[in-house]
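Atom set for the values below is all heavy atoms of this structure, side chains included, hydrogens, waters and symmetry mates excluded. Just so we're on the same page: letters track the sequence lines, and every chain starts at 1.
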Protein chains: 2
Amino acid sequence: MATIYDVARHAGVSAATVSRVVNGRTTVDAALAARVHQAMRDLDYRPNAVARNLRRQQTSIWAVIISDIGNPFFTSLVRGVEDVAQAAGYSVVLCNSDEDPGKEDRYVSAALAEQMAGVIISSTGKLATITRLVESGTPVVAIDRQIRGATVDTVLADNEHGADVATSHLVAAGYQRIACITGPRKLPTAQQRLRGYTNAVRRHKRPADDQLIRHADYREEGGYAAMASLLDSGAEPDAVFAANNLMTVGAMECLVDRGISVPGRFGVVGFDDIPWAHLVRPSLTTVVQPTYELGRTAALLLAERIAEPGRPASTVTLQTELKIRESSVRPA
Amino acid sequence: MATIYDVARHAGVSAATVSRVVNGRTTVDAALAARVHQAMRDLDYRPNAVARNLRRQQTSIWAVIISDIGNPFFTSLVRGVEDVAQAAGYSVVLCNSDEDPGKEDRYVSAALAEQMAGVIISSTGKLATITRLVESGTPVVAIDRQIRGATVDTVLADNEHGADVATSHLVAAGYQRIACITGPRKLPTAQQRLRGYTNAVRRHKRPADDQLIRHADYREEGGYAAMASLLDSGAEPDAVFAANNLMTVGAMECLVDRGISVPGRFGVVGFDDIPWAHLVRPSLTTVVQPTYELGRTAALLLAERIAEPGRPASTVTLQTELKIRESSVRPA
DNA sequence: CTGAAAGCGCTAACAG
DNA sequence: CTGTTAGCGCTTTCAG
């Protein structure tokens with residue numbers, strides 16, 4: 001690989017001049033610049049980003065650390081991030097923490113060690129990890145999940161309200177004993193969606209019974225197991241609000257396996273959409289999150305923070321929307 | 001951030017000794033090592049990976065460049081790659097080329113500029129991009145799609161055979177005029193799956209008519225449009241083999257929209273599974289690829305190539321398996 | 001406007 | 001076994 005000195009020699013200028021041309025810095029004499037460009041072409045010169053990073057003390061890469069690459073919600077965010085990043089001249093790399101605080105911590109270490117220009121993260125909740133990031137001065141944006149105890153820019157969906165709307169919809173549809181399968185106790189989204197459910201159930205004077213609530217792992221298997229446990233518990237639910245997309249699928253599977261007709265005998269509403277929800281029978285009523293916008297907004301915040309590190313942290317909350325399909329509408 | 005010199009001073013040794021301790025290189029006197037460890041803890045020392053990379057001329061990060069982050073096939077591969085990478089001491093970052101040769105090229109440039117330790121790529125087919133990577137000496141493994149004109153380690157599924165089996169299954173199920181929706185003309189997987197289809201159709205003396213073949217974009221919309229075009233063409237197909245998962249979904253949607261009963265009036269088999277295929281009605285018969293193993297194998301090959309750069313390139317082909325569900329089984 | 005020179009933080013010869 | 005020294009390739013003052 002040709003270095004900047006090779007180019008300099010070839011063009012008969014100094015390395016500093018080549019550097020200026022490469023970075024479009026101060027005005028360089030047109031004739032010199034032309035010679036440099038020619039030399040770069042002749043030698044197929046590619047700047048060594050590692051050397052540049054070392055010198056500049058930062059890269060032009062953003063790390064997006066998501067907690068489950070198998071969940072379309074997270075991959076869908078990435079699209080929004082990417083579009084903004086590209087436009088702003090950054091590359092995006094994705095890291096999958098798989099809800100594992102250890103893996104998350106390792107990726108944060110890597111982002112730090114590699115001096116990434118910024119990090120967008122849906123945190124598993126381990127504060128120490130985030131603190132390390134923030135204290136190092138790395139621009140950070142939390143996405144989907146706020147981070148208690150850390151002051152960082154944050155982009156969220158309106159979890160509590162969305163869950164409330166979903167639950168109220170089940171009430172309006174005539175279901176009586178509405179259960180809730182929410183996520184892991186420590187995840188803010190799980191808490192907020194549970195709160196929305198609880199609020200709605202209370203307001204509408206439906207049974208607000210701990211027997212009707214389950215915490216699962218935001219995965220398909222967890223949703224399946226939680227549904228099974230609800231059905232076996234004697235709490236006799238006739239509907240369920242599942243707090244994420246994968247668990248909704250799991251719950252549906254359980255219902256299918258047990259031969260329980262949806263929406264006839266049992267109503268189902270999920271949080272966050274799934275791809276080809278329309279091919280599933282019955283098609284699933286879900287609280288749709290603006291995934292692309294969530295990603296876009298996070299990226300915009302990150303870009304702003306990089307430009308202006310001192311600005312106060314802000315939290316943006318985006319609206320969800322209930323998409324009514326078949327699984328929650330009782331036939332007359 | 002503390003540097004290696006801060007640690008050295010604090011421990012009363014030279015930077016070289018600290019470096020040795022950090023990297024577990026040559027044996028360092030136990031007492032010194034202990035002092036160094038203490039100093040590192042005291043100062044919360046974190047090695048600067050960028051500086052190390054510059055010096056060593058390489059990182060401990062692998063880039064996985066996939067062509068569609070919205071396709072569960074690709075995200076599923078990543079799991080297999082990650083598990084092997086972690087075990088071998090590498091971090092994995094994901095780059096989404098979105099089937100765009102320009103984006104792919106930019107990510108390859110980034111991988112090169114950042115001196116990534118290796119690259120696993122499902123190429124859009126632009127040879128120049130790969131050549132650049134190979135010529136730079138970066139270890140590369142092609143996954144899912146071989147790269148014509150480049151000699152690199154490659155991991156593939158048995159596309160032709162899988163497609164043949166899928167098509168033969170439709171024949172055995174009693175369908176007569178079997179159509180094929182394959183992928184973009186230039187993608188090897190699309191060509192191979194088309195060939196498998198053609199072979200099967202010929203062998204079983206079913207109409208082998210260009211009218212029954214469509215090339216689409218491996219996306220849902222493409223599958224929908226291709227299906228619509230087949231239905232409107234006058235070729236009168238009564239079954240379709242769709243060459244990837246997303247297009248199968250699209251084709252199904254089209255069939256649903258037209259009120260064509262599957263599998264009664266029309267048989268459907270797809271290539272590559274989709275999540276919650278069992279919830280879709282009718283459930284989809286698909287050629288299942290060993291996605292996790294594909295990723296694992298690619299990672300293993302990459303690790304071997306890094307360890308032994310001179311070894312001849314090898315191609316590993318993994319078997320697919322036809323998973324028969326409802327969409328291809330005519331009721332008696 | 002251009003070049004010389006210093007140095008980002010780390011590793012790897014090479015002496016001792 | 002340990003320290004000294006010389007860069008990795010680039011950017012950026014600082015002179016000229």
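Partners of B/Glu293 by side-chain hydrogen bond (donor to acceptor under 3.5 Å, both in side chains), not counting sequence neighbours: none found. Applying the side chain to side chain contact (heavy atoms under 4.5 Å, CB included) test to B/Pro72 and every residue at least two apart in sequence or in another chain returns A/Trp276, B/Thr75, B/Asn245, B/Leu246, B/Pro275. The side chain to side chain contact (heavy atoms under 4.5 Å, CB included) test applied to B/Asp29 returns B/Ala31, B/Leu32, not counting sequence neighbours. Contacts of B/Asn96 classified as side-chain hydrogen bond (donor to acceptor under 3.5 Å, both in side chains), with partners at least two apart in sequence or in another chain: A/Glu82. For the ring-ring contact (aromatic ring centres under 6.0 Å, His included) test, residues two or more places apart in sequence or in another chain that qualify with B/Tyr90 are B/Trp62. For A/Arg148, there are no salt bridge (charged side-chain N to carboxylate O under 4.0 Å, His left out) partners, not counting sequence neighbours. Remark: B/Arg305 engages B/Pro139, B/Asp153, B/Arg311, B/Ala313 in a side chain to side chain contact (heavy atoms under 4.5 Å, CB included) (not counting sequence neighbours). Partners of A/Asp6 under the side chain to side chain contact (heavy atoms under 4.5 Å, CB included) rule, at least two apart in sequence or in another chain, are A/Ala2, A/Thr3, A/Arg9, A/Leu43.
Protein atom CD of A/Gln115 is 17 Å distant from nucleotide atom P of D/dC10, rounded to whole Å. To the nearest angstrom, P of D/dC8 lies 16 Å from CG of B/Asn53. Note: CG (A/Asp29) to P (C/dT2) measures 5 Å, nearest angstrom.
No hydrogens or angles considered: nothing links the side chains of B/Asn53 and B/Gln57 as a donor-acceptor pair under 3.5 Å.
Terminal axes of the helix from C/dC1-D/dG16 to C/dG16-D/dC1 (five pairs each, C1' rotation axis) are separated by 40°, to the nearest 10°.
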Counting only pairs under 3.5 Å, give me each side-chain donor-acceptor contact of residues 104-113 of chain B, with atom names and distances, residues two or more places apart or in other chains.
unit_1	atom_1	unit_2	atom_2	d
B/Glu104	OE1	B/Thr124	N	2.8
B/Glu104	OE1	B/Thr124	OG1	3.3
B/Glu104	OE2	B/Thr124	OG1	3.4
B/Asp105	OD1	B/Thr129	OG1	2.6
B/Asp105	OD1	B/Arg132	NH2	3.3
B/Asp105	OD2	B/Arg132	NH2	3.1
B/Arg106	NH1	A/Gln86	OE1	2.5
B/Tyr107	OH	A/Val92	O	3.3
B/Ser109	OG	B/Asp105	O	3.1
B/Ser109	OG	B/Arg132	NH1	3.4
B/Ser109	OG	B/Arg132	NH2	3.0

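Put simply, B/Ser14 has no side-chain N or O that comes within less than 4.0 Å of OP1 or OP2 on D/dT2.
Side-chain atoms of A/Thr138 never come within 3.5 Å of backbone atoms of A/Val134 as a donor-acceptor pair (strictly under, hydrogens ignored).
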Is there any protein nitrogen or oxygen under 3.5 Å from a nitrogen or oxygen in nucleotides 13-16 of chain D, and what are the pairs?
none

Pick out the pairs of N or O atoms, protein on one side and nucleotides 8-10 of chain C on the other, that lie under 3.5 Å.
unit_1	atom_1	unit_2	atom_2	d
C/dC8	O3'	A/Gln57	NE2	3.3
C/dG9	N2	B/Ala51	O	3.3
C/dC10	OP1	B/Tyr45	OH	2.6
C/dC10	OP1	B/Asn48	N	3.0
C/dC10	OP2	B/Ile4	N	2.3
C/dC10	N4	B/Tyr5	OH	3.1

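Contacts of B/Val18 with the nucleic acid, taken as non-hydrogen atoms under 4.0 Å apart, are absent.
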